[in-house]
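Below: the structure, in structure tokens.
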Amino acid sequence: MLERSELADNALQALHDEDYDRPFNTQSLNADTLIYTRGRPAQSLDGEWNFCVDLLDTGLRQKWFTLLPEAPEDRIEPWDYDPYMGDTVPVPSCWQMLKEKWYFFEGSSWYTRALDHTPQPGRRQVLRVGAAQYDCKVFLNGEFLGNHYGGSTPFCVELTQSLRPGQNWLMLCVNNSRTLDRVPMRNTDWFNYGGIYRETALYDLPQTFVRDLFVRLNRDAIQVSAQIDGDATSARFEIPELNISTEIPVVDGVAEARIPAKPELWSPDTPKLYDVTLRCGEDEIRDRVGFRTIARRGTDIMLNGAPIFLRGISVHEDDEALGKTTTEDDLRRRFAHAKELGCNYLRLAHYPHHERAAELADELGLMLWEEVPVYWAIDFANPATLRDADNQLRELIRRDRNRASVIIWSIGNENPDTDARLAFMRQLAETAKSEDPTRLTSAACLVNHARLKIEDRLAQHIDVIGLNEYYGWYEENFDELGEIGRNSAPDRPVVISETGADGDHTPHGPKRGLFSLAYQDEVYRKQIATLRELDYVKGMSPWILYDFRVERRQGIFQRGWNRKGLIAADKETKKPAFQVLAAYYAERAADETRARTIPEGATT
Ligand code: GCU
């Protein structure tokens, strides 16, 4: 017992103080402290970090972050954890996938690594973490620098003032507890991973740098909006392939310009990207941006002024071996399977995926629905929860709004239609439009099964109505799906954001009935036969491409996995329903090609 330790002021008192974490839950690292990193050189901080699980938050209570490195035999006080010795783990990773004893661990964990620094006058150092699930507190040389909420969005923290010459010690305390006020709350149908599970890097910046850049098509011009941190009077924007090289005035840190241009438009068939550069003082950022328009007209979704049907599939970020950590190969395999299915679109459920996903989708020509985890029950009446959700949405949009592949921002999934939820989601819908008026908004809504109608008060506040319906699985009477179609007259596009059925492909799987491959196949056939008759359905993203891990499914055919995948968790074994959906998408794609080649006014 550290009775006499000055580490925690009064160690005994620290055991009785249940407000021990309040000083560290500042949410001070958020959308406003992000920096633009594309095209910048970075010093990777990935690799082995010291690691320790901390179920009771002893680290915050005893202030482990103030412990200095010392040989054990030289220490004069007993200690419960030494951040500079013991276990190490690779970053990025999910601790659940590293040791059996950590599989179901939920709580705080401490990551520590050394950071060598050589001071350079006039330079600024910023740490960026790609994602840490769920809450992350940052300490440098024992000083608390800030805290981030949100398990799937990047965050940045400036280290400049706290770095010292030579060796520094960086500590991140990551907590993945599921609580009532978090987003998502404590009950999800996906596994609650934890850890620093995306890349970490250090950026060395000039005193004045480009904090944010947003480039998009605005009718027959390119709209440029940039935020400059530091003193600047102008910035130079270039797109060489379009012969654009423009000096843009910077006023109060903002550079705004509308530059006439007629770029080749990005689409799944023609995923054209342009090299874009913005220079300001000594700083330079680069990106590869596609230009297109996405809008709704009546119940149509319009890409570059033409109606499209979204041939999609839903995906989680989940891997049998890596958990929520994603690799380039994993992403490329995902998109290759989607293309094999005949997709032009994916729903990245239920939270922001790795930023590499949208970058690759830009190159490969796939449209994306991106989403914040306002999932099922959320503490909709809690202002702090709204602040957290709103910030996660802003971080996602600032991270990906230069990605042509992203066409839809989704603000939630299957939330109960209550007054508190409506007020909460209306705020998110407004935030999405204020951060990015160029894209469509949506949410996966529920059907009103009592009245067999598409009826959700949120629908009038979003552009596209996502519909999760599981006729053939959770709802047995298939005829109702057709009735919903006849009873509903939505004034905006509807996409089936989820439908599907479990199919256990293993030898344990049943030969017929629920959880059999045959039944999953039959559900897909009946869903397609019904949905194809609903002309206001402008897309679908069945649930789901791959089987995925989840704690709450322990039936004899699930065994800790949701088996609605069209491909098993090995990401190789296709189930029969894969070919059923692929055949439908091939048919739809052929129809679209024919429609495009028939001259205006001619008959087929
Ligand atoms: C829900 C939910 C998914 C879930 C799926 C299922 O619609 O949105 O997250 O995994 O149904 O029950 O398999």
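Just so you know, residue 1 is the first one in the sequence shown, and it goes up from there.
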If you look at every heavy atom in [X] and [Y], which pair is closest and at what distance?
| X | Y | answer |
| --- | --- | --- |
| Gln520 | Ala501 | NE2-O, 3.0 Å |
| Arg398 | Leu34 | CB-CD1, 4.3 Å |
| Leu458 | Ala443 | CD2-CB, 3.7 Å |
| Ser314 | Ser541 | OG-O, 2.8 Å |
| Gln554 | Glu551 | NE2-O, 2.7 Å |
| Gly305 | Thr293 | N-OG1, 3.9 Å |

Practice task
Please say whether the positively charged group of Lys324, taken as NZ for Lys or CZ for Arg, lies over the ring of Tyr351, i.e. under 6.0 angstrom from the six-membered ring centre and within 45 degrees of the axis.
Solution key: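 Yes, Lys324 sits over the ring of Tyr351.
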Under-4.0 Å salt bridge between [X] and [Y]:
| X | Y | result |
| --- | --- | --- |
| Arg439 | Asp463 | no |
| Arg525 | Glu522 | no |
| Arg594 | Asp591 | yes |
| Asp189 | Arg552 | yes |
| Glu106 | Arg186 | no |
| Glu340 | Lys574 | yes |

So [Y] and [X], do their side chains get closer than 4.5 Å, heavy atoms only?
| X | Y | value |
| --- | --- | --- |
| Arg198 | Pro154 | no |
| Ser405 | Pro268 | no |
| Trp561 | Asp318 | yes |
| Arg356 | Thr326 | no |
| Tyr197 | Ser152 | yes |
| Lys571 | Asp330 | yes |
| Gln392 | Pro373 | yes |
| Arg394 | Asn30 | no |

Practice task
Decide side-chain contact (heavy atoms from CB on, under 4.5 Å) for Phe557 and Asp502; before the verdict, give the C-alpha distance in whole Å, the side-chain angles of both, and the deciding distance to 0.1 Å.
Solution key: CA-CA 9 Å; Phe557 302 127; Asp502 280 69; over 6 Å; no
Practice task
Test Val406 against every option in Arg399, Arg401, Glu370, Met367 by the side chain to side chain contact (heavy atoms under 4.5 Å, CB included) rule and name the one that passes.
Solution key: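 Only one of Arg399, Arg401, Glu370, Met367 forms a side chain to side chain contact (heavy atoms under 4.5 Å, CB included) with Val406, namely Glu370.
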Handout entry: Ile567 and its side chain to side chain contact (heavy atoms under 4.5 Å, CB included) partner, picked from His505, His337, Arg333
Key =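 The residue from His505, His337, Arg333 that satisfies side chain to side chain contact (heavy atoms under 4.5 Å, CB included) with Ile567 turns out to be His337.
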With distance as the sole test, does [X] use its side chain to make a donor-acceptor pair with the main-chain N or O of [Y] at under 3.5 Å?
| X | Y | answer |
| --- | --- | --- |
| Asn402 | Leu213 | yes |
| Ser488 | Pro490 | no |
| Tyr585 | Gly312 | yes |
| Asn487 | Leu452 | yes |
| Asn562 | Lys564 | yes |

Handout entry: Step-by-step side-chain hydrogen bond (donor to acceptor under 3.5 Å, both in side chains) determination, Asn175 to Ser177
Key = CA-CA 6 Å; Asn175 179 292; Ser177 302; 3.0 Å; yes
Compute whether any side-chain donor of one residue and acceptor of the other, for [X] and [Y], lie under 3.5 angstrom apart.
| X | Y | answer |
| --- | --- | --- |
| Arg334 | Tyr546 | no |
| Glu395 | Asn391 | yes |
| Arg178 | Thr188 | no |

Exercise for the section: Check the pair Tyr193, Asn176 against side-chain contact (heavy atoms from CB on, under 4.5 Å), reporting the backbone distance first and the verdict last. Expected result: CA-CA 7 Å; Tyr193 294 105; Asn176 77 325; over 6 Å; no
Practice task
Indicate the ring-plane relationship of Tyr519 and Trp473, choosing parallel, tilted or perpendicular according to the 30° and 60° boundaries.
Solution key: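 The rings of Tyr519 and Trp473 sit tilted, inter-plane angle from 30° to 60°.
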Exercise for the section: Fit a plane to each ring of Tyr274 and Phe291, take the angle between them on a 0 to 90° scale, and name the class: parallel (under 30°), tilted (30 to 60°) or perpendicular (over 60°). Expected result: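 Because their plane-to-plane angle lies in the 30° to 60° range, the rings of Tyr274 and Phe291 count as tilted.
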Problem - Sole residue of Phe548, Trp543, Trp376 in ring-ring contact (aromatic ring centres under 6.0 Å, His included) with His350 - result: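 Testing each of Phe548, Trp543, Trp376 against His350, the sole residue satisfying ring-ring contact (aromatic ring centres under 6.0 Å, His included) is Trp543.
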Handout entry: Criterion side-chain contact (heavy atoms from CB on, under 4.5 Å) on Lys526 and Leu481, from CA distance to verdict
Key = CA-CA 10 Å; Lys526 292 175 76 169; Leu481 182 55; over 6 Å; no
Just verifying a value: how many Å separate [X] [atom1] and [Y] [atom2], rounded to the nearest 0.5 Å?
| X | Y | atom1 | atom2 | value |
| --- | --- | --- | --- | --- |
| Tyr471 | Ile496 | OH | CD1 | 10.5 Å |
| Ile408 | Leu368 | CD1 | CG | 10.0 Å |
| Glu480 | Glu475 | CD | CD | 7.5 Å |
| Glu414 | Asp456 | CD | CG | 11.0 Å |
| Asp181 | Asn382 | CG | CG | 6.0 Å |
| Met185 | Thr385 | CE | OG1 | 9.0 Å |

Practice task
Begin from the C-alpha positions of Asp400 and Arg403 and carry the test salt bridge (Lys or Arg N to Asp or Glu O under 4.0 Å) through to its verdict.
Solution key: CA-CA 5 Å; Asp400 285 358; Arg403 305 278 71 79; 5.8 Å; no
Problem - CZ (Arg457) with more than 12 external heavy atoms under 6.0 Å - result: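 Check passes, neighbour count above 12.
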Practice task
Can you establish whether the number of heavy atoms outside Lys262 located under 6.0 Å from its atom NZ is more than 12?
Solution key: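 Count not over threshold, so no.
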Handout entry: Audit row: Lys575, Asp547, salt bridge (Lys or Arg N to Asp or Glu O under 4.0 Å) steps and yes/no
Key = CA-CA 11 Å; Lys575 305 175 189 177; Asp547 290 354; 2.7 Å; yes
Problem - Phe191 ring center near Tyr103 ring center (under 6.0 Å) - result: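 Yes, close enough.
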Problem - Full working for side-chain hydrogen bond (donor to acceptor under 3.5 Å, both in side chains) between Asp388 and Tyr134 - result: CA-CA 11 Å; Asp388 182 357; Tyr134 175 89; 2.3 Å; yes
Problem - From CA spacing to verdict: salt bridge (Lys or Arg N to Asp or Glu O under 4.0 Å), Arg38, Glu359 - result: CA-CA 11 Å; Arg38 285 191 175 92; Glu359 290 171 359; 2.7 Å; yes
Problem - CA sep, side-chain torsions, deciding dist, call: Val372, Val183, side-chain contact (heavy atoms from CB on, under 4.5 Å) - result: CA-CA 8 Å; Val372 285; Val183 180; 5.8 Å; no
